[in-house]
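All values derive from a computational prediction rather than experimental measurement.
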Amino acid sequence: MAQPGDWVRRPSISHQPSQESVTRNPFTSPTSTSHRRVNSDGFSIVSSVSRPSSVTPEPVQEQWVPLGAVGPSGPPLTHSAANWSDGGDLGTGRFPASTDQKGAPASFSSGAPRARPATLQFEDVPIGQYASPAGSSQPFFSPRGRFQENRSDSRAQLLNTPSTPWKSPRTPPPYAATLPRKKWWHWRPAWWMYIFLLFGILCAVGHHIFYSVLDGRPAEQQIAMLRYGTILAFTAKAGLVAAVVVAFKQQVWTTVRNKFLTLAAIDSLFAATEDLTSLFTFELYKRATVATLLAVFIWLTPLVIILTSNTLVVEMAMRVDNGTCPGIRTLNFDKEETEDFRNPTKIEHLFGLSVNMWNTTSKDLSSPDWYDYWTAPSDKFAQVATHAIYMEDAIAKTGANIDICGPGWNCTYTVNFTAPAYKCSEVANGVGDTVKSIGDQAPPDGFSTKLLLPEGNNSYYAFASGGEYASMQLKDVERGGMPKTKPPFPEDLGAFRTEPVIWVGYSVRVNPDEPAPANRTMPGWDDAFIPKVVACENYEAEYTVRFNLTGGQQFTNVTERKFVRRVIETTWEQGKDADDKTNDNTTATPKSNYVYPRDVHRYRRVAAFHGIGSHLRSFINGTVDASQTNNPIQYTKAIQTKLLDPRHEYFPFPEQGKLIQELYENIIFSLFSNQQFVSVVWAARPEETSGVVLGNDSTRYPCARSRMENRYAYHARDLWIVYSLAIALAAAGVASGTRALLENEGVLRNTRFSSIVAATRGPALEKLGVFAGFEDRGDLPPDAKKFRVGYGIQRDEADPRVPDRNSMWSTGGGADFRYGFGLEGDVTQLRQSRSEGNLFRYSRQ
């Protein structure tokens, strides 16, 4: 280890031609000679040594001549001693003609031809052959600071350089003792490694932000967006790779400066980032593990582009827009109260339709005995209702999706309206159970579970006509229901006396998936069926219905059903004839609740509700004889409805009460399929009959539009898994590069051609020249590639002394040093002693 006192005896650089006398013990010699030692820093050390015949040491003077300088009597310096090269591995300045102490030329003239040196033999460099051009630069090393740099073109000096410069902490410290320290904020080439890493990370973040912005948006310009994402992935990959490449180069030089590798391994090491087959040299994994792993990472980084670009995909997604739709309609049966068939509503040249059909008592509308009375549901309503029953669902208007939702859209909306509804209750369950009354209404006479299987013969028995309104109110009438008799007409003519209750008895199969006994003689007959009875009353109810128009189909869901009152608040009295001179023999109590034709508005409203119910009852009424279960006999239109199961011998479905309610609602909701009905109005303006016209801005009503569309879907987790791994590995690579950079004395090194030339010049590799005949192939034979090569201090065979730290920095030694590649045994590698933790302390390998 160098002592502080050593610095005094070491030569120093002067910016002016000067000499410093240093006392030393020369070798004994009878003559006085002038020698020049070319060290790896490019300094020419000219020694004027007097070697008398005696062994008595005498003081001598040794000149440390900076490049471009001459002795005291020579011309002034052509450039500053601060002008050194910037690459860390590139050549030095060129030497002017040297002189001895007396000013005489050196023993080698500038024009003398140079003979090819013998293998691994060093020569004294003719200083006169090298002239330092103006404007050249050399870096200075300060033992107490860092490298000081002056930028200029050092490449022009390379081919005239006698050897690779030795710029390292091993350079004798007196050479830069007076140079200023470089400030930390001044630019350093090593910063590129960290800039590239930061650039890659920022591009990865930008990639994430870009995909996050696209996430959930409609997949428009898919090709362009995916290309932009690929560009960001490529730039992120490029930044990470560039940082690792710089680190790889530092690690390469650290490896060859500290280890001897076969020539084949060094070939593969320097080509590892360019030639994939170089990674098949297994020596690299043992001797240059870190550098090889960095090269493997570089080759694998294209996966970053592939994997991250796939994190943005196009998927089918549901788009929902909560807004308004212009064509939404609802029901308002108040319009039936004011609709007059003699003066019908007319919209867009189309008559408005009513659910009622009317008779009249007179053609003379001014007669005090004139009024209209109900006779039956209208044919147009019967058409719609029958269609709904056959389809077993509510009928939607053709093109409703386009009219309401818009082309390519589905939509949902909720409307509220008042309409008739059947309220059903179970009044008997099981064999022998008594049929209960519903409200004040007793069951029909003889109606019991004994009519149903297993005791009876019927699987279905419905009685829905008790107290039904007689369509022929008088026996003797003219066309249009006008009585042939003269007024006054019967008081109860055309009056709604009661609303029939639907009584449905049905048998449920205990094991519907197993064959039922064919008849009552078969075993298990009595246990195979359960008789039930439901009773349903016609009510006026407030509906909240959600309509869903999807794919051209209409789906309805009653979210709320509030029963307000019965359509007619009376109780049918069975077996009691009405002696009122009409053809309607129905008697109900209280009579005060009869609805008469002269109460026009109320009568027309009740007529509408009654007419809708009567059409349903006409389909429900009747029986199915299943005494022979494998051959049922039907006496009802219920077989055309959703109440009976054709897959199980037309036995009724369970929960008949619920099915009757749904069947009734399907009829009511089907009114929307024909917008000519006067009760179909705008949802936004329920006082106005809509007709068949299209909606506009004034008829917009809240709705939620939706459609399936292609949307971008960003899988952020997958992207950051890839980037996190890549960034972590790149950061580890940069950390290894930083460590290698410190071992390389803070100098950023590269593997450019000029650096390789500078590192391989000199006679140290001349031994490889014995393999003649391979020059034209640009390669060496396999045997030659087995030689182990390293980067270090080249040693002259004529002076076998191994240079160490003390001998190189001492003022004596007398040896000529070159720094470059050489065969194992011909170069000495000095590596930093990690145990000392100081860049200026080294140990021999």
Side-chain angles (χ1 to χ4, degrees), residues 373-376 422-429 432-452 455-458 460-477 489-506 531-539 565-597 606-607 609-611 613-625 635-638 656-657 660:
Y373 61 94
W374 187 83
T375 182
Y422 266 106
K423 181 179 181 181
C424 299
S425 303
E426 186 176 87
V427 292
N429 185 359
D433 191 11
T434 302
V435 179
K436 306 174 186 63
S437 299
I438 179 169
D440 295 333
Q441 186 65 60
D445 294 339
F447 194 94
S448 69
T449 59
K450 293 181 179 181
L451 300 173
L452 306 172
E455 295 180 282
N457 296 329
N458 301 295
Y460 177 84
Y461 192 104
F463 181 76
S465 57
E468 184 63 82
Y469 178 91
S471 58
M472 294 294 294
Q473 288 286 301
L474 295 174
K475 294 181 180 180
D476 193 7
V477 293
F489 304 123
E491 179 184 2
D492 295 335
L493 175 64
F496 287 111
R497 309 178 187 199
T498 190
E499 186 70 8
V501 176
I502 298 176
W503 300 86
V504 177
Y506 60 101
K532 295 185 177 183
V533 178
V534 295
C536 302
E537 293 184 293
N538 198 10
Y539 270 74
R565 66 183 67 87
R566 291 188 296 171
V567 173
I568 302 174
E569 293 287 353
T570 61
T571 302
W572 173 52
E573 293 187 3
Q574 305 179 50
K576 185 177 181 180
D577 294 334
D579 187 11
D580 55 7
K581 301 179 182 181
T582 65
N583 201 37
D584 191 342
N585 200 29
T586 300
T587 302
T589 57
K591 187 177 180 179
S592 59
N593 288 340
Y594 285 9
V595 181
Y596 292 95
V606 170
F609 293 170
H610 174 86
S614 68
H615 193 81
L616 172 68
R617 293 191 295 271
S618 68
F619 275 86
I620 291 178
N621 208 36
T623 64
V624 176
D625 186 344
Y635 301 96
T636 178
K637 292 182 180 180
Q656 283 287 298
I660 291 172

> With sequence neighbours left out, which residue pairs that include part of residues 460-477 fulfil the salt bridge (Lys or Arg N to Asp or Glu O under 4.0 Å) condition?
Replying inline: E468-R617, D476-K484

> If you look at every heavy atom in I620 and A638, which pair is closest and at what distance?
Replying inline: O-CB, 4.2 Å

>> Suppose we screen for salt bridge (charged side-chain N to carboxylate O under 4.0 Å, His left out). Which residues come up paired with D625, at least two apart in sequence or across chains?
In response: none

>> Taking the side chain as everything from C-beta on, heavy atoms only, tell me whether E499 gets closer than 4.5 Å to E537.
In response: no

> What are the two closest heavy atoms between S471 and T375, and how far apart are they?
Replying inline: CB-O, 3.4 Å

> Which of these, F496, F609, Y594, W572, sits in a ring pair (Phe, Tyr, Trp, His ring centres under 6.0 Å) with Y469?
Replying inline: F496

> Do D580 and T582 get their side chains close enough for a donor-acceptor pair, meaning under 3.5 Å?
Replying inline: yes

> What pair of heavy atoms forms the shortest contact from L474 to P490, and how long is it?
Replying inline: CD2-CG, 4.1 Å

> salt bridge (charged side-chain N to carboxylate O under 4.0 Å, His left out) with K450: which residues, sequence neighbours excluded?
Replying inline: none

>> Please find the pair of heavy atoms, one from G657 and one from C424, that lie closest to each other, and give the distance.
In response: O-SG, 3.6 Å

>> I want to check something: taking the side chain as every heavy atom from C-beta on, are N583 and Q473 in contact at a cut-off of under 4.5 Å?
In response: no

> Which pair of heavy atoms, one from S437 and one from A442, lies closest together, and at what distance?
Replying inline: OG-CA, 3.4 Å

>> Given 3.5 Å as the limit, does a donor-acceptor pair link the side chain of N458 with the main chain of L452, or not?
In response: no

>> T589 vs T571, test: side-chain contact (heavy atoms from CB on, under 4.5 Å). Steps then yes/no.
In response: CA-CA 5 Å; T589 57; T571 302; 4.3 Å; yes

>> As a quick check of understanding, evaluate side-chain contact (heavy atoms from CB on, under 4.5 Å) for V504 and Y460, giving each step before the final call.
In response: CA-CA 7 Å; V504 177; Y460 177 84; 3.7 Å; yes

> What residues form a salt bridge (charged side-chain N to carboxylate O under 4.0 Å, His left out) with K591, not counting sequence neighbours?
Replying inline: D492

>> Checking S448 now: which residues fulfil side chain to side chain donor-acceptor pair (under 3.5 Å) with it, not counting sequence neighbours?
In response: none

> Below 4.5 Å, heavy atoms only, C-beta onward: do Y506 and V534 meet side chain to side chain?
Replying inline: yes

>> Can you give me the closest heavy-atom contact between R497 and I568, atom names plus distance?
In response: O-CG2, 3.8 Å

> Which is it for V477 and M472 under the side-chain contact (heavy atoms from CB on, under 4.5 Å) test, yes or no, and what are the steps along the way?
Replying inline: CA-CA 9 Å; V477 293; M472 294 294 294; 3.8 Å; yes

>> Less than 4.5 Å apart, side chain to side chain, heavy atoms only: is that true for V606 and W374?
In response: no

> For K436, which residues count as a salt bridge (charged side-chain N to carboxylate O under 4.0 Å, His left out) partner, sequence neighbours excluded?
Replying inline: D433

